[in-house]
Amino acid sequence: MLDTVVILRRELKSYFLSPIAYVFGMLMLGVLLFFASTSLQNNGPASMQQFFALLPLILVIFVPGLTMRLWAEEQKLGTIQLLMTFPVRTIHLVLGKFLAAVIFLAFVLLLTIGLPLTIGAYGKLDWPPVLGAYLATVMFAGSFVAVGMFWSSTTSDQIIALLLSLVSLALLYALGYPVLIDLMTGSGWVPAWFVDLVNGISPFKYFVSISRGVIDSRDIIYFTCFCGFFLYANALVLNNRRHTG
Amino acid sequence: MIEVQQLEKNYGFARALKGISFSVSKGEVIGFLGPNGAGKSTTMKVLTGYLLPSGGGATVSGLDVVSHSLKVRRNIGYLPETTPLYGEMRVDDYLRFVAEIRGVGFTKRKAAIARAVELCGLARVTGKNIDELSKGYRQRVGLAQAIVHEPPVLILDEPTSGLDPNQIVEVRKLIRRLGEEHTVVLSTHYLQEVEKSCSRVIIINQGEIVADGTHDSLVSERPAGALRARVRGPEEQVTARCTEALPGCRVEVVARHDGAIDYVLEAGTDAAPVAEAFSRMVVQNGWDLLELVREKATLEDVFRALTQEAQREALHA
């Protein structure tokens, strides 16, 4: 497990050493705060609801931009040869990279804390749901990172990784979207088990559940399984390359 | 130290290694020689655990490279062909990262990094970003990375490619120093490199080992096809008779000095009958044979002969 920490530290350091991280962080922060500021304009109740409602969609766009390079770049530069010949289990490499990306995203999210603080200063803000929503967002972002990283491991071309991640995340997002689910149930010809299955797979549903401020162990288990599945698949893809070269 | 048994590697339908076997004992510096695509890098990638073999096997320090991959990797320092480095990192940070992940303990880490920096002559650039370094320094950082955990076995894939002549000399010097403490396997295109830094040569061609031995043994096994002769006599006649007496042999005048003529006689494969015929011819004509030496084969001759022979055979087959 120590290996994971070493990889994590190197990854995190390189986020903050490269301009990509700053450009990425600033852009994401800018977009987040721009949309969220609309919630300050109307004279409604002090709440972060609008901000958190927007977050998943913003993550669909930004997470692939962050994860596309994670393995593709290593493969292009050949540093993958270094990583894969270190005396480290592949899954530990994967975990290290994953955690570093999640921590980086969490850091960017943390920078938005000024928003609830401001709202709280002008009105009565209910904090537990806000903190729950932050936690939900980090887990939700984590599940997206796991998917994006998986695609990145399948190619040495960052653009391909980006497109594959964008499409699959958009799909995952849409599958949990209440309107779509209602539409499917309402249409009558889609079998109920299929609607449940589709709705059950999408992390969006669990995000909505946690972001209400109620942390259910089922939601935690779901996110752990979802990430675990894609991280394991990621390690399999990398190990399989030892056969094909 | 390293045992390779009938090692095979296929990339799809392409057979990169067709069952090669060799062994390397402790303290040897082995030079892998071969044309591009011969299978040098593939062999190294299997030894370092980057690739899995398709058949056969290999052990490093008695440990199987497949079943004990992690332990084997701990015993190896590897410089891949592309010298992969993280450009955004500082040299010292990079070496610290490799030392940590390679399991160099906290207490020994500082000394280990200092040793690698000293051996590779990196003291002046430790605080610089790797991106800012010249190709020569980058190569040295790659070498430092490979030795920082003091592995018993070093595997260096073309350690001098892309360097200028001065840098090449330096890196070779470094490899010779490393050879005192480590078992080294290196691959190269430069034939002199093998002569200068390796105790043994393995020539590999189209996935097969075509020669394995010390430099001297390889060179002496191979009869050189060329003779150098100095004859005193009328040049035109000598040359004419020479071509008559030695059919199929290329005769060339390379120098003339006070009545003596220097010839190079290229006979193809075996020079011995040519030497006999030539000396008889000179004596019969009453000229003076001042010198007749068999030219020593160079490693280059051996390499060309072995790798091109195989190509010709492949064409005929």
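Naming: A, B, ... by sequence-line order, numbering from 1 per chain. Just so it is clear, the model here is predicted, and its values are computed rather than measured.
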Roughly how far, to the nearest 0.5 Å, is the OH atom of B:Tyr86 from the CD atom of A:Glu11?
-> 6.5 Å
About how many Å separate OG of A:Ser18 and CG of B:Asp131, when rounded to the nearest 0.5 Å?
-> 11.0 Å
So with a 6.0 Å cut-off around [atom1] of [X], is the heavy-atom count from everything else above 12?
X	atom1	answer
B:Lys18	NZ	yes
A:Tyr232	OH	no
A:Arg89	CZ	no
A:Phe16	CZ	yes

What part of B:Lys45 lies closer than 4.5 angstrom to a heavy atom of chain A: side chain, backbone, both or neither?
-> side chain
Where does B:Leu79 contact chain A at under 4.5 Å (heavy atoms): side chain, backbone, both or neither?
-> neither
Which region of [X], side chain (C-beta onward) or backbone (N, CA, C, O), has a non-hydrogen atom less than 4.5 Å from a non-hydrogen atom of chain B, or is it both or neither?
X	value
A:Thr244	backbone
A:Leu2	neither
A:Glu73	neither

Side-chain (B:Arg73) to main-chain (A:Thr85) donor-acceptor, under 3.5 angstrom = no
When you measure from the side chain of A:Arg9 to the backbone N and O of B:Phe97, does any donor-acceptor pair fall under 3.5 Å?
-> no
Run the salt-bridge test on A:Arg10 and B:Glu100 with the 4.0 Å N-O cut-off and return the result as yes or no.
-> no
Do B:Tyr50 and A:Ile80 touch side chain to side chain, with heavy atoms closer than 4.5 Å?
-> yes
So do B:Arg102 and A:Pro87 actually touch side chain to side chain, heavy atoms under 4.5 Å?
-> yes
Looking at B:Thr82, B:Val98, B:Leu51, B:Asn129, which makes the most heavy-atom pairs under 4.5 Å with chain A?
-> B:Leu51
Most heavy-atom pairs under 4.5 Å with chain A, out of B:Gln145, B:Arg96, B:Glu88, belong to B:Glu88
In terms of heavy-atom pairs under 4.5 Å with chain B, which of A:Lys13, A:Arg242, A:Gln81 leads?
-> A:Arg242
Which heavy atom in A:Val88 sits nearest to a heavy atom in B:Leu70, and how many Å separate them?
-> N-CD2, 3.5 Å
